[in-house]
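Written below as structure tokens is the structure these notes are about.
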Number of protein chains: 2
Amino acid sequence: MHPELLLDNQICFRLYTATRLVTQAYTPMLTELGITYPQYLVLMVLWEHDNQPVNDIAHRLLLETNTVTPLLQRMEKLGLVVRQRGKEDKRQQIVSLTEKGKALEEQAYKTIPTGMGKELRFCPLKLEDYQRLAQELDSIINTLKK
Amino acid sequence: MHPELLLDNQICFRLYTATRLVTQAYTPMLTELGITYPQYLVLMVLWEHDNQPVNDIAHRLLLETNTVTPLLQRMEKLGLVVRQRGKEDKRQQIVSLTEKGKALEEQAYKTIPTGMGKELRFCPLKLEDYQRLAQELDSIINTLKK
DNA sequence: GTTTATTATATCGCGCACGATTTATTGTTA
DNA sequence: TAACAATAAATCGTGCGCGATATAATAAAC
């Protein structure tokens, strides 16, 4: 009846589905590393800048601490990170990579970029299409965030 | 170190974030209707074609039945759908809209398209940008699905 | 300096997603 | 027809996301 309510006309359903399928494509490679996709995101944040409080990690990922805290607790159990109270501000938990967490960067570099390339080798999108897609997604993200 | 592992170079993180933020933008309007976003997707499927078995709904949404079955059970408790065994194939559960479920279509039509328009009124993307975005997402989805 | 407000993190509950397994029904084969 | 395979749902366990609330430490206001 209402074309605005047809599934095929929903950008959001496409986003939702594409996200799930891309995450599923990552999963076998991440399972090999013993981590999940959100854990991989946290590791990318820490590989770029180690020793961050929970809040900074959450802000970088646009997540709430009630998502990130349990995520970090699981990662601590896996031996990927350690958390210690901030010296100047005892409310903060400073999250740091362990040797195991640092070592995963090279493992990820060896398998994930080429692995995802293979997954998308039949995708008709070219480099410039991915760049434009990134810009369009950034427009949506910047409009809705905060 | 490795630019392939920088968060800012990840299409997948952008998809993941954009999906979460768009879903969050829907949430207040959906809460008004008493439903969640995945439940809204199921309703859109049924508004388009009522009386479908669980498998058809799952295929349409590219989800597994172990996600859809509990989703439908919750929707049945809410009085939005009813499930009854298929007549010719007793393994199937045929899902049908209740009057309450049907009535939500008009409620959704009144609030959601204009509400999302307001959320995105400062987004620089134009109609043709959204159309291209939809095509790009479809390329990714079609490459990875099945 | 004590009260009050803010901030950083943690905890709790619920609803997805999804891998793995189970149960019931149907289809196929010997 | 009996045995076996395939299919449709359901169940179970784990890990997110996130609204709501709680706790502890710091900052601000009086």
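Order of the sequence lines fixes the chain letters, A, B, ..., with proteins taken first and strands second; residue numbering starts at 1 for each chain.
Of the residues in residues 11-43 of chain A, those with a non-hydrogen atom less than 4.0 angstrom from any atom of DNA chain C are A:Tyr16, A:Arg20, A:Gln24.
Close to C:dA8, at under 4.0 Å from its OP1 or OP2, lies no side-chain N or O of A:Gln93. Applying the 4.0 Å criterion to OP1 and OP2 of D:dA10, one finds that B:Arg83 has a side-chain N or O inside that range. In this structure, A:Asn66 does not reach the D:dG17 phosphate: none of its side-chain N or O atoms is under 4.0 Å from OP1 or OP2. Using a 4.0 Å cut-off, some side-chain N or O of B:Thr69 falls inside it from OP1 or OP2 of D:dA10. In terms of phosphate contacts, B:Gln73 brings a side-chain nitrogen or oxygen within less than 4.0 Å of OP1 or OP2 of D:dT11.
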Counting only pairs under 3.5 Å, give me each side-chain donor-acceptor contact of residues 52-59 of chain B, with atom names and distances, residues two or more places apart or in other chains.
unit_1: B:Gln52; atom_1: NE2; unit_2: B:His49; atom_2: O; d: 2.8
unit_1: B:His59; atom_1: ND1; unit_2: B:Asn55; atom_2: O; d: 3.1

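One atom, NZ of A:Lys87, and another, C1' of C:dA8, lie 17 Å apart when rounded to the nearest Å. Look at CG on A:Leu72: it is 13 Å from P on D:dG17, rounded to the nearest Å. Between A:Glu76 atom CD and C:dT9 atom C1' the separation is 14 Å, expressed in whole Å. Distance CG (A:Asn55) to C1' (D:dA25): 14 Å, rounded to an integer number of Å. Whole-Å rounding puts the A:Leu71 CG to D:dT14 P distance at 17 Å. Look at CD on B:Glu64: it is 15 Å from C1' on D:dT11, rounded to the nearest Å. Across the protein-nucleic acid pair, A:Ile94 atom CD1 and D:dA25 atom C1' stand 14 Å apart, rounded to whole Å. B:Arg85 places its CZ atom 13 Å from the P atom of D:dA8, with the value rounded to the nearest Å.
With 3.5 Å as the limit, one finds no donor-acceptor pair spanning the side chains of A:Ser96 and A:Asp50.
Under the 3.5 Å distance criterion, the side-chain polar atoms of B:Thr19 are matched with a main-chain donor or acceptor of A:Leu15. Between the side chain of A:Glu76 and the backbone N or O of A:Arg83 there is at least one donor-acceptor pair closer than 3.5 Å.
Aromatic ring orientation, A:Tyr40 versus A:Trp47: perpendicular (interplanar angle above 60°, classes split at 30° and 60°).
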(request) Show the numbers, then the answer: is there a salt bridge (Lys or Arg N to Asp or Glu O under 4.0 Å) between B:Asp138 and B:Lys145? (result) CA-CA 10 Å; B:Asp138 283 341; B:Lys145 84 179 172 192; over 6 Å; no
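Below the 3.5 angstrom threshold, one finds no donor paired with an acceptor across the side chain of A:Arg91 and the base of C:dT9.
Sequence order on DNA chain D of the closest nucleotides to A:Thr67 and A:Asp89 puts A:Thr67 first from the 5' end. Where A:Lys90 and B:Thr65 meet DNA chain D, the nucleotide closest to each residue was compared, and B:Thr65 sits on the side nearer the 5' end.
Under the 6.0 Å distance and 45° angle rule, A:Arg20 counts as a cation-pi partner of A:Tyr16.
Closest approach to the B:Gln92 side chain among D:dA9, C:dT9, C:dG15 is made by D:dA9 (side chain taken as heavy atoms from C-beta onward).
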